[in-house]
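Both backbone and side-chain heavy atoms feed into the values below; hydrogens, waters and symmetry mates do not. Worth saying up front: this structure is predicted, and the values here are computed from it rather than measured. So you know, we letter chains A, B, ... as the sequences are listed, proteins then strands, and number each from 1.
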Amino acid sequence: MDNASSLRWLIEASYFIAAILFIYGLKRMSSPVTARGGIVWAGAGMLVATLVTFLWPGMDNYVLMMVAIALGGTLAWVSGKRVAMTDMPQMIALYNGMGGGAAAAIAAVELFGGEDHGLTFSVLAVLGGLIGSVSFSGSLIAFAKLQGLMKSTVRFGGQQVFNLVLLAVLLVLATLIATQDSGPALIAIFFLLALVLGVTMTLPIGGADMPVVISLYNALTGLAVAFEGFVLQNAAMIIAGTVVGAAGTLLTQLMAKAMNRSLGNVLFSGFGDTAAVASEVHGSMKPIEASDAGVMMAFANKVLIVPGYGMAVAQAQHKVWELAQILIERGVDVKFAIHPVAGRMPGHMNVLLAEAGVPYDVIYDENEINAEFATADVALVIGANDVVNPVARTDPASPIYGMPILNADKARNVIVIKRGQGAGFSGIENGLFFLDQTRMLYGDGQAMASELIQAVKSL
Amino acid sequence: MIDGFIALYIFMLAAFVGHEVIGRVPVILHTPLMSGSNFVHGIVLVGAMVALGRAETGLEMTIGFIGVFLAAGNAVGGYVVTERMLEMFKSSKEKR
């Protein structure tokens with residue numbers, strides 16, 4: 001073997017190893033016991049692949065390359081280390097958008113370069129560029145919305161028609177660019193319009209649906225990376241991109257299912273459009289003092305805690321875990337019941353509880369724990385609303401009808417910690433709050449958790 | 001050359017692998033896993049490096065530079081946040 005071909009062999013072998021490490025890492029990440037090691041394995045794969053790419057024959061612009069890596073890497077490192085766990089969803093959206101943008105940039109360089117790759121490769125380059133651009137601008141909008149930089153939903157008349165027409169125009173342009181020797185102006189217009197489509201697609205989607213959208217864009221970026229991998233004849237990109245594309249699609253479906261919505265429903269209709277017909281709820285909300293609620297829990301056999309995003313907003317997770325620990329010391333059986341869409345993404349609540357030091361084996365999934373509510377003395381609902389609303393089981397007119405919920409209403413006593421009397425995020429009245437066995441503990445989540453701790457301690 | 005049916009086979013097999021790997025994941029890991037898969041497509045960095053490395057005109061170099069910058073952000077940021085999240089997952093049997 002001469003020098004060039006042995007170099008080529010080294011690069012291909014390294015990419016092969018990287019692909020194995022990615023898949024092995026993802027595999028380990030799918031179990032809580034081994035998850036921590038998983039990301040390290042995948043990280044090792046990334047490092048090997050990146051380092052060996054510097055040896056790619058016939059490359060130039062090394063200084064620019066180093067500067068770009070240093071800049072992007074440092075910014076991401078610092079922001080990633082600083083971001084609060086509650087802000088994790090938008091951070092993932094941002095990094096994902098960057099990946100989509102990079103895939104689009106590769107497509108742009110290849111297309112502007114004007115080298116003839118043959119029809120298949122041109123088609124893949126153009127498609128990858130389109131998907132990557134949409135993922136880039138769409139993810140940035142998702143980031144801006146969750147970060148509170150912009151109003152959560154922006155709608156204008158004929159939006160869906162506009163998006164469809166835009167998509168049709170883009171597909172025509174894509175065909176032109178892929179099949180003919182088109183000028184740089186056409187290519188530039190193509191990329192600009194693709195970026196616009198990402199924006200107009202994401203603008204009308206409400207905050208509650210954002211996790212599904214972020215997950216979808218994650219899958220799309222994977223697909224774009226795979227397509228550009230075919231163009232560049234890079235096996236590591238093809239395999240990693242395709243694996244992420246498939247995994248991301250499945251994850252998106254799981255999330256949409258947990259929210260009882262189809263993907264089409266999330267993308268093409270606004271949530272809350274049907275909320276006007278929300279049903280009437282009878283009865284009254286009965287308040288309770290923290291000291292009484294504390295006694296109730298201290299002498300219970302089994303307490304199930306149902307945390308929602310409100311708990312995270314109030315930064316109450318540490319106090320709630322402290323409360324749980326005191327109860328456990330008193331011999332109470334304490335478990336955390338998590339709804340798949342508690343928090344802003346499936347699993348987000350688990351991350352927030354993990355941050356507070358709650359071990360994962362006292363945290364239970366909706367279908368693992370739902371039967372246990374019937375034997376629970378107290379269900380403590382803190383900052384959760386729609387996910388415990390029994391209306392989802394009983395009222396076909398309700399927009400959340402059919403959504404799987406936690407059966408907190410089956411517990412002997414229910415204590416709800418809530419800021420005020422208003423309806424929740426979705427604006428739907430919660431039947432749970434009006435039940436005979438329910439008591440409302442009004443106040444800030446963190447302050448109320450502290451008062452409960454005091455109440456239990458003083459016994 | 002990765003071409004024609006070989007390319008299709010790779011695509012098909014990798015898609016099944018992705019589906020299988022995620023298929024049995026518990027909900028508690030959905031967020032870290034989304035973040036982890038987000039990190040994995042940071043491999044776009046190697047493609048962006050090659051694209052920039054072969055860029056000739058000023059325009060190509062500018063776009064290539066942006067591509068490498070974005071890709072490095074994807075890879076590094078994805079790693080940092082995934083690692084931070086997974087670091088916190090502990091069992092009650094472990095010492096803290």
Side-chain angles (χ1 to χ4, degrees), chain A residues 22 26-27 29-30 32 35-36 39 43 49 53 56 59 61 64-65 68-69 71-73 76-77 80 91-92 95-96 98-99 101-103 105-106 108-109 112 218 221-222 225 228 232-234 236-237 239-240 242-244 246-247 250 340 345-348 350-351 354-355 359-361 365, chain B residues 2 7 10-11 14-15 17-19 21-22 25 27-31 33-38 40-53 55 59-61 63-83 85-92:
Chain A
F22 286 151
L26 276 176
K27 181 75 204 152
M29 271 187 257
S30 57
R36 275 182 284 166
I39 183 65
T53 303
W56 196 283
M59 288 210 309
N61 305 326
L64 272 181
M65 211 179 285
I69 292 176
L71 263 181
W77 180 274
M91 225 49 210
I92 297 175
Y95 297 140
N96 173 54
M98 293 175 90
I106 295 173
V109 171
F112 279 126
N218 184 42
T221 301
V225 170
E228 299 311 324
L232 295 174
Q233 291 287 295
N234 186 319
M237 281 171 72
I239 294 171
T242 310
V243 166
V244 173
L250 182 63
M345 284 197 290
H348 189 200
N350 305 78
V351 172
E355 189 192 18
Y360 60 77
D361 39 18
D365 217 9
Chain B
I2 310 165
I10 295 179
F11 190 74
V17 167
H19 200 271
V21 162
I22 301 280
V25 69
V27 179
I28 72 162
L29 283 172
H30 277 184
T31 293
L33 202 64
M34 176 149 93
S35 180
S37 59
N38 177 37
V40 167
H41 67 52
I43 190 67
V44 70
L45 176 59
V46 303
M49 284 167 71
V50 172
L52 174 60
L59 177 68
E60 287 170 34
M61 276 158 70
I63 300 172
F65 181 84
I66 295 172
V68 174
F69 167 81
L70 291 174
N74 182 182
V76 175
Y79 183 84
V80 171
V81 297
T82 311
E83 208 253 331
M85 277 191 273
L86 291 175
E87 188 54 39
M88 298 180 313
F89 279 88
K90 294 198 168 99
S91 145
S92 56

Quick check for you: to the nearest 0.5 Å, what is the distance between [X] atom [atom1] and [Y] atom [atom2]?
X	Y	atom1	atom2	value
A:Ile92	B:Met34	CD1	CE	5.0 Å
A:Ile69	B:Phe65	CD1	CZ	10.0 Å
B:Asn38	A:Thr221	CG	OG1	7.5 Å
B:Met88	A:Asn350	CE	CG	10.0 Å
A:Arg36	B:Glu83	CZ	CD	10.0 Å
B:Leu59	A:Phe112	CG	CZ	5.0 Å

Looking only at heavy atoms, which two atoms of [X] and [Y] are closest? And how far apart?
X	Y	result
B:Ala72	A:Gly73	CB-N, 3.9 Å
A:Met59	B:Val50	SD-CA, 3.6 Å
A:Ala246	B:His19	CB-N, 4.0 Å
B:Val40	A:Ala240	CG1-CB, 3.7 Å
A:Ile106	B:Ala48	CD1-N, 3.4 Å
A:Ala105	B:Ile63	O-CG2, 3.6 Å

Subject >> Under 4.5 Å from any heavy atom of chain A - which part of B:Leu45 >> reply: side chain
Original post:
With sequence neighbours excluded, what pairs up with A:Thr53 under the side-chain hydrogen bond (donor to acceptor under 3.5 Å, both in side chains) test?
Top reply: A:Tyr15
**OP:** Identify, with sequence neighbours excluded, every residue that meets side-chain hydrogen bond (donor to acceptor under 3.5 Å, both in side chains) alongside B:Ser37.
**Re:** A:Asn218
For the interface with chain A, which of [options] has the highest count of heavy-atom pairs at distances below 4.5 Å?
options	answer
B:Val21, B:Val81, B:Ile22, B:Val46	B:Val46
B:Ile66, B:Thr82, B:Ile10	B:Thr82
B:Gly36, B:Ala71, B:Ala7	B:Ala7
B:Met49, B:Met61, B:Glu60, B:Glu87	B:Met49

Original post:
If you count heavy-atom pairs under 4.5 Å between each of A:Ala49, A:Gly347, A:Gly222, A:Ala108 and chain B, which one has the most?
Top reply: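 Highest number of pairs under 4.5 Å: A:Gly347.
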Subject >> Toward chain B, the part of A:Glu355 with a non-hydrogen atom under 4.5 Å >> reply: both
Subject >> A:Trp56, part contacting chain B, at a heavy-atom distance under 4.5 Å >> reply: side chain
Subject >> Validation row: B:Leu29, A:Pro32 side chains within 4.5 angstrom (heavy atoms) >> reply: yes
Original post:
A:Met29 versus B:Leu86: any side-chain heavy-atom pair under 4.5 Å?
Top reply: yes
